[in-house]
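Shown next, in structure tokens, is the structure this report addresses.
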Amino acid sequence: MLAVWAVSTLTLLALAGALPDFRLQSRTGESATQIGVTAALGAGAFGLLSSLVWPLLVRALLLVPALVLGLLVFFLNGSLLLVALWISPSGQGEAEPETAVVVAAVMSAVASATGGALAVRDDDAYRRRLYRLADRRRRHAEGRPGPAGPGTLFLQLDGVGHDVLEAATEKGLMPTVATWLGRPPTGTTHPRPTHRLTPWRTDWSSQTGASQLGILHGSNHDVPAFRWYEKDRREVMVCNRPASAAELQRRAIDRTGDGGLLTVDGASRGNLFSGGADQLALVLSIAARRGRRNRSRAGYFAYFSDPANAVRTAMSFVADVGREIGQSTRARFAEQRPRVARGGLYPFIRAFATVVERDVVVSAVIGDMFAGRAAIYADLVAYDEVAHHSGPHSRDAAKVLERLDRSLALIAQVAEHAPRAYRIVLLSDHGQSPGETFLGRYGLTLGNLVRAGCGLPVPRRARRTHSGAEARAAVRAALRIPVEEGVEEYRPTRRSEPIVLASGNLGLVSFPDVPHRMSREEIDARHPALLSTLANHPGIGFVLVRSEEHGGLVLGAHGAEIPVDELSDEHPGPLADFGPGAAEAVRRTHGFPHVADIMVNSWYDPADGEVLAFEEQIGSHGGLGGCQARPFLMSPLALSDPAEDDEELVGAEQIHRVLRRWLREANGPQVPLAHDSAPQRGAGNCATSHDEPAPANDQNPADA
């Protein structure tokens, strides 16, 4: 405290000399000693106000949206500095309001950096602080029943595939994870492993919306992709849109009959869905209808109660924006391939995922552990965001893994001082597959290819590509139009124009004017060249359509086709390159009510593990092919083996059943509670091969 006070005093003196609107002396002037005393008193008063008054201000503003609160931090912090100068016994300090904001931000950053540096240099001091927090928490809870049994913390590393995690531990990028697996860096002792690593296989829709909905709520039925068109509602569903996420969560609850994995004393942090938890922070499905019951109180209070947190996060945010601009500039000058555009707002979007979201979620998790919550599920999205634009095996993504590992180390240290033991489970929702974009390789988008196959006008640049020219030639042949100009004369009515959506390397084509899912026969009658154009394109692996004769049909190049009911690993047809499990994944999705008229999966190279994304991403996920469909589940050895009878884990719904089993093991019989509104009723280089709820603790974790 003395060291921080001394550094803060020197900082205040330096700012007074550098800023014309900030003074520590009267206009007549004082001696250097008097100025020093004024600076020391001002720094001390500011520190006391930050410690005592600031938490009360933040608690009063918890109903303010998080981003607005983050901006208010700077103005409130400046106000505290003005008060500190006013109550200082010398009474000589003076600052303009806008200058006070700058001075307060610098003071908070310097104090935080100094304290952090001292704690880093002295592990015992850091441990003593955690002991004090835990002991204070225990004293506060005296006379109340303590937590029953160990708690469970589920940490989702978004987009980190099994192959990426294995490589990161071997290269020393993630020493904390490596130690848990008994694989410490070279030259250190080899402790006994505390965790086991198990791969699992996603559904056809290998993306966060489908996976996390299945993991948290036990059902991802009728989620065919990240975005899709629903004809009965005339609406495009997008998994990361608040209204869509809320609707998907409602459907899952209606289907399963319970509120989710986290209904018993649970917390949901940084997720698309709540899992039935009462404690929420950065949860998308409740963002569109937030009220007093579902405001994210605890997580934000625990984070913003220290004004230095906001300043430190803001500085890290700016640094990461600069880091992204530098990395993208270097990639452009080096002419790296493949590469996508990384300008515009992307540097800020990336910085939010890698800095703001990470800091708030980690802080909320720490608060939950000090509060002794029974089940916590948190999603860290940093790697997934960077890997989309830099590549899953890039240097940029590796740096993000290193920073995530440091967050895991911090969480593990805090868990040692929580009021109950915690079993930390790491998992991912999907992996990522590298590769060029479809546009980059062929010069036109999937939407342009579909339009060309329908005989609709396409941009001139796309029309001149080889793929566009072939599609137009196929249309001319199918319509018996002998001249090039004739194609432009064939203009279907606007209502028949298709909606083409992309989810990684999975494409969906829907005809909105037809109320039902169109059959192959209907599509051929309307657009006789479309299906053959798609199935024979070198950038497309296979196409799924409904068939009046066979029920469902998978089409491939050179006229290959196989009924969905005949698909199997022994008879995969056009799915042969996609490995075991692909047939079952396609057959399951074919039965969804809102599957598109045409489902298109990109080409896949099993030798290099590459796919072609229909979005502008060089690391993608969403369909079949490669490491995107092979995430991981890393669990403590104290929990039962997730793969019973050596069976492969397949699908997010099975992962939900495993996690529920582990919760029962941790605290006796425990079945997720029914939701209020629910009725009560019971491949490639990636080898594929509550009876009684625990007593809820409603204390705010920030009280720790």
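All values derive from a computational prediction rather than experimental measurement.
Residue F542 forms a side-chain contact (heavy atoms from CB on, under 4.5 Å) with just one option from L624, L555, D577, and that option is L624. Exactly one of D608, I618, V611, N505 qualifies for a side-chain contact (heavy atoms from CB on, under 4.5 Å) with S433. That residue is V611. When each of V340, T445, L612 is paired with T437, the side-chain contact (heavy atoms from CB on, under 4.5 Å) condition holds for V340 and for no other.
Heavy-atom contacts from other residues, nucleotides or ligands closer than 6.0 Å to CZ of R233 number more than 12. For H558, the NE2 atom counts as loosely surrounded, since its 6.0 Å shell holds 12 or fewer non-hydrogen atoms of other residues, nucleotides or ligands.
Residues meeting the salt bridge (charged side-chain N to carboxylate O under 4.0 Å, His left out) test with E521, sequence neighbours left out: none. For Y346, the ring-ring contact (aromatic ring centres under 6.0 Å, His included) partners two or more places apart in sequence, or in a different chain, are H389.
With values rounded to the nearest 0.5 angstrom, S285 atom OG is found 15.5 Å from R241 atom CZ. If you take CZ on F273 and CG on L280, they are separated by 13.5 Å, rounding to the nearest 0.5 Å.
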Show, in sequence, the C-alpha distance, side-chain angles and deciding distance for D384 and H621, and conclude whether the side-chain contact (heavy atoms from CB on, under 4.5 Å) test is met.
CA-CA 10 Å; D384 189 61; H621 57 88; 3.3 Å; yes

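Side chains of E615 and S620: no donor on one and acceptor on the other come within 3.5 Å. Between the side chains of D158 and T208, at least one donor-acceptor pair of N or O atoms lies under 3.5 Å.
Contacts classified as ring pair (Phe, Tyr, Trp, His ring centres under 6.0 Å) and involving residues 205-225 (residues at least two apart or in different chains) are given here: H221-F592.
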